[in-house]
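These values consider heavy atoms only, across backbone and side chains, with no hydrogens, waters or symmetry-generated copies. Along the sequence shown, the residues carry numbers beginning at 1.
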Amino acid sequence: MASVRFQESPISIIDRKASSYEDHTAYPMANVGVQTRHSGEDDLDEEDSPYEEVRASVSNTDDPSMPVNTFRMWTIGLLLTILGAGMNTFFIFRSPYRLIVSYAVLLIAFPIGRFMAYILPIRQWKLPRWIGGGSFSLNPGPFNIKEHVCIYMMANAAVFPTYAMNTIVTTEHYYNLRWGIGFNFCLAISTQITGFGYAGVFRRLLVKPASLIWPQNLVISTLLNTLHAEEDFVRYFGSGISRYRWFLWVSCGAAVWHWFPAYLFQGLSYFSFICWITPNNLIANQLFGTKRGLGMSVLTFDWTQIAWIGSPLMIPWWAEVHIFLGFFIFWWIIQPALYYSNTFYMSYMPMGDTNTYDRFGKVYNISRILTPQVTLNLTAYEEYSDLYLSPPYISSYLLTFSLSTCIITHTILYHGRTLWNSFRHVDPEEEDIHAKLMKAYPEVPGWWYWTVIIGFFLIAAAAVQAWPTKVPVYALILSVVLPAIYMLPGGLIFAVTGQPLSLNVLAQIIPGMLLPGNPIANMVFKCYSIETLYSAQQFSQDLKLGHYIKVPPRTTFFVQLIASCLSIVTQVGVKEWLFSVVPDMCSSTQKDNLTCPRHRVYFNASAIWGLVGPTRMFGPGALYNVFLWALFAGALAPFPLWYYQRRFPSTRLKYVNLPVMLNGPQSAPPATGINYVSFFIVGFIFQRLIRKHNFRWWAKFNYITSAALDGGTTIAVLIIFLAVQLHQKQDLSWWGNNLNSKTIDGASVPTSLLKAPPDGFALSTAQRLAAAG
């Protein structure tokens, strides 16, 4: 391969190539290869991606000699990994909590890297011959884009608290089962690293194909190229503002503006203007409310609300249409219809509340059905109440059941032949320029990833057998097979829409049916399934980012693996330290607000699904048994569309993707209509109108605008939290911040459409048995 120059601006060749580009729309894994354009005989400098999104954000050149495994990359990356993981482990126990996101690490690492490049000595250090000889340098040149992206990948793999921490804290604090730091470490590291192994095994199907664009990576790639290759942008766009300056102005503006909806004038965030006009109208508050209502108010001036389900400047327009359409059907049509007809007793519960309820219309009191040994008191349960799902959970479970089978059927029908050819080592698509450039680097052998999967599964098996978790090995195997089944279908959706797939409901129902009355086993199963799939999708996204920036695959392997292991050590260590030195940890009266709100919710879920169990909710004769028909409907739904598209290939129905439509609304709850509508409106402006009518501006500024809004808002969130809210007991109290609290939607006690009778709106199990017998 010919040597190519340093990271040319990905949009520097737009003008001279725009007229020759075909109009491709990124869609998952076409059944035929994608044809790329060549301007000459094997002229890689002129060849580019067939997708506009990728062309506008990712460089089509590489410099294989650019140093990556440098002292400063590992020093900055590991140091920020430890600090980020440690601080987030502390913050996750607070109420309210804010997390340091990987975006912040990316921005912080840039000046640090530039500073180290300035102060470190520029000289070669020779190694003794007895350790292999050779030489190395602490400062091999300017801080470059490949070092920077490796630091970002470390942060992405490490700074977010592992899902296993929920299981660890709940087991120790709420179930009073303390098995020590050994179990905690084995549980945490085996769940996260198993996902890392899955990402490597599926990388050929989820990373290499050009049509799998991974939208989040386009924003990150644009930002990195803007920071490290600004001279290209100035040269090719010298007549206008550069992307670097645009990024600075927009990010600074976003940081300043966020003080208003986040702290000074919170009414701008939850802009329920109809509820402000009619604060005591229950129906209006249920439909237009933005906290517990359906969010039909449509307006918000808070970027964190607009980008709640993903940046609308990042996700492709066709996917945004699917996401909003799915939400519209299930949340604005089906849910109100069920609610106002009192189906499943929904009218006795608040419209948008996310708790589970008893037959008296009150939040379900888990403590009433628990014994002192934290097991199910069956007599108390039968005398007290069945468990009733609130309206948002009704919609969520219908969606989840439908999606769990629909996505499998869709993948087989639409991608079955392509995937079968892939397993026969036939590439699913023709290689694009980025895949060709990556051939300059040695690939990671497949057995490396399989060794990781097998090795950490053995650690997991040892953990559940050495400690009394009551998790049989067959259940553990199923808990890691489940994410393997959904890895490819979920990865395809994530790769083209930026919306990850979650196994939250299935991972609770399956162990609840297999291991009834065992909340610990339920939590462990749930932990392995959810964390494995989540981390696998995140690791796959970073593999694609490394693919775009041309990071050697073996460097990416060690960057992700080492950072993940170090993060787990840090998180477990910080957790052990906090619980040993902080009095009243996780108590509602803890003086520093270390009340563990997430873990209390996790405990309630473990009691509901592990003790009450799904059989009592979805089994024969149960109130929600009809939900199981959603599994059957989801499995059949893709067939009519698939058959019609084969009969009439030119039909516009070929653009309909049912799994994307069903997966899109999965962010609700806690997301509401205000998040989806504002997301859709902003997406329409940028991804439809501006892209169609001013493609040059879109290509230059769209993704960097998204990066600037995310980056500026992230910095503002951290400053507000660390400098102000961390030291205050409550936010500012004035009219602009108290508007919502004066409405039914924002009241501290939610209101239902119907008031439950004193003796309950339904009979208890004991009453039904007495009446029947």
Side-chain angles (χ1 to χ4, degrees), residues 25-31 198 202 205-206 209 211-216 309-310 315-331 334 395-419 422 428 482-507 529-530 533-534 536-537 540-541 627 629-646 651-668 671 676 679-680:
T25 299
Y27 208 73
M29 297 183 68
N31 288 327
Y198 280 9
F202 284 94
L205 298 173
L206 294 177
S211 62
L212 303 185
I213 62 174
W214 295 88
Q216 175 66 27
I309 57 177
I315 298 174
W317 170 241
W318 72 267
E320 292 175 341
V321 173
H322 278 74
I323 291 169
F324 180 73
L325 186 59
F327 175 84
F328 182 87
I329 293 172
F330 278 86
W331 254 258
I334 295 178
S395 299
S396 179
Y397 284 19
L398 284 172
L399 275 168
T400 300
F401 287 171
S402 303
L403 177 62
S404 62
T405 51
C406 176
I407 194 173
I408 299 296
T409 304
H410 177 92
T411 302
I412 294 173
L413 292 177
Y414 286 85
H415 310 300
R417 179 177 299 178
T418 303
L419 298 178
S422 298
L482 185 64
I485 294 173
Y486 284 96
M487 176 62 188
L488 187 56
L492 291 175
I493 289 181
F494 195 18
V496 296
T497 69
Q499 301 292 298
L501 178 71
S502 175
L503 295 175
N504 188 49
V505 175
L506 286 180
S529 292
I530 292 178
L533 181 60
Y534 173 79
Q537 292 177 105
S540 295
Q541 181 173 256
F627 281 32
W629 284 100
L631 296 169
F632 184 69
L636 294 181
F639 280 98
L641 279 173
W642 173 77
Y643 178 75
Y644 189 81
Q645 292 170 29
R646 287 177 64 88
T651 178
R652 297 185 69 85
L653 289 178
K654 66 183 179 180
Y655 299 110
V656 176
N657 189 312
L658 288 179
V660 175
M661 190 180 300
L662 294 174
N663 186 62
Q666 293 291 323
S667 296
Y676 281 89
F679 163 84
F680 181 74

Self-check item: Side chains of L501 and Q537 in contact at under 4.5 Å (non-hydrogen atoms)
Solution: yes
Practice problem: Determine, using ring centers only, whether F627 and Y397 are less than 6.0 Å apart. | Solution: no
Practice problem: To the nearest 0.5 Å, tell me how far L413 CG sits from I408 CD1. | Solution: 11.5 Å
Quiz item: Does the side chain of H410 come within less than 4.5 Å of N657's, by heavy atoms?
Solution: yes
Quiz item: Would you say W642 and I412 make side-chain contact, with heavy atoms under 4.5 Å?
Solution: no
Quiz item: Looking only at heavy atoms, what is the nearest atom pair of L399 and Q666, with distance?
Solution: CB-NE2, 3.4 Å
Quiz item: Where do Q499 and I493 come nearest, in terms of heavy atoms and distance?
Solution: O-CG2, 3.6 Å
Quiz item: Would Y414 and L641 count as a side chain to side chain contact (heavy atoms under 4.5 Å, CB included) if you check the C-alpha gap in whole Å, the side-chain angles of each, and the deciding distance to 0.1 Å?
Solution: CA-CA 11 Å; Y414 286 85; L641 279 173; 3.9 Å; yes
Quiz item: If you round to the nearest 0.5 Å, how far is SG of C406 from CZ of F401?
Solution: 15.0 Å
Quiz item: Considering all heavy atoms of both residues, which atom of T409 and which atom of A635 are nearest to each other, and what is their separation?
Solution: OG1-O, 3.1 Å
Quiz item: Is there a side-chain contact between F679 and I323, using heavy atoms and a 4.5 Å cut-off?
Solution: yes
Quiz item: Side chains of Q541 and P500: does their closest heavy-atom pair fall under 4.5 Å?
Solution: no
Exercise. Could you grab the distance from atom CG of L206 to atom CG of L212, nearest 0.5 Å is fine?
Key: 6.5 Å
Quiz item: Are S667 and F327 side-chain neighbours, meaning at least one heavy-atom pair lies under 4.5 Å?
Solution: no
Exercise. Please report the shortest heavy-atom distance between L205 and P209, naming the atom on each side.
Key: O-CG, 3.4 Å
Quiz item: How long is the gap from CZ on F330 to OG on S395, to the nearest 0.5 Å?
Solution: 8.0 Å
Quiz item: Do the non-hydrogen side-chain atoms of Y198 and P483 ever get within less than 4.5 Å of each other?
Solution: yes
Quiz item: So, for S529 and L482, which heavy atoms are closest and what is the spacing to 0.1 Å?
Solution: OG-CD2, 4.0 Å
Practice problem: Name the orientation class of the two ring planes belonging to W629 and F632 (parallel below 30°, tilted from 30 to 60°, perpendicular beyond 60°). | Solution: perpendicular
Quiz item: If you round to the nearest 0.5 Å, how far is CG of L662 from NE2 of H322?
Solution: 10.0 Å
Self-check item: Side chain to side chain, V321 and F680, heavy atoms closer than 4.5 Å
Solution: yes
Quiz prompt | Heavy-atom pair of closest approach, residues A319 and T497 | solution = CB-CG2, 3.8 Å
Quiz prompt | Passing option when Y486 is tested against L403, T411, I407 for side chain to side chain contact (heavy atoms under 4.5 Å, CB included) | solution = I407
Self-check item: Interatomic spacing from CG in L506 to CD1 in I485 - rounded to 0.5 Å
Solution: 10.0 Å
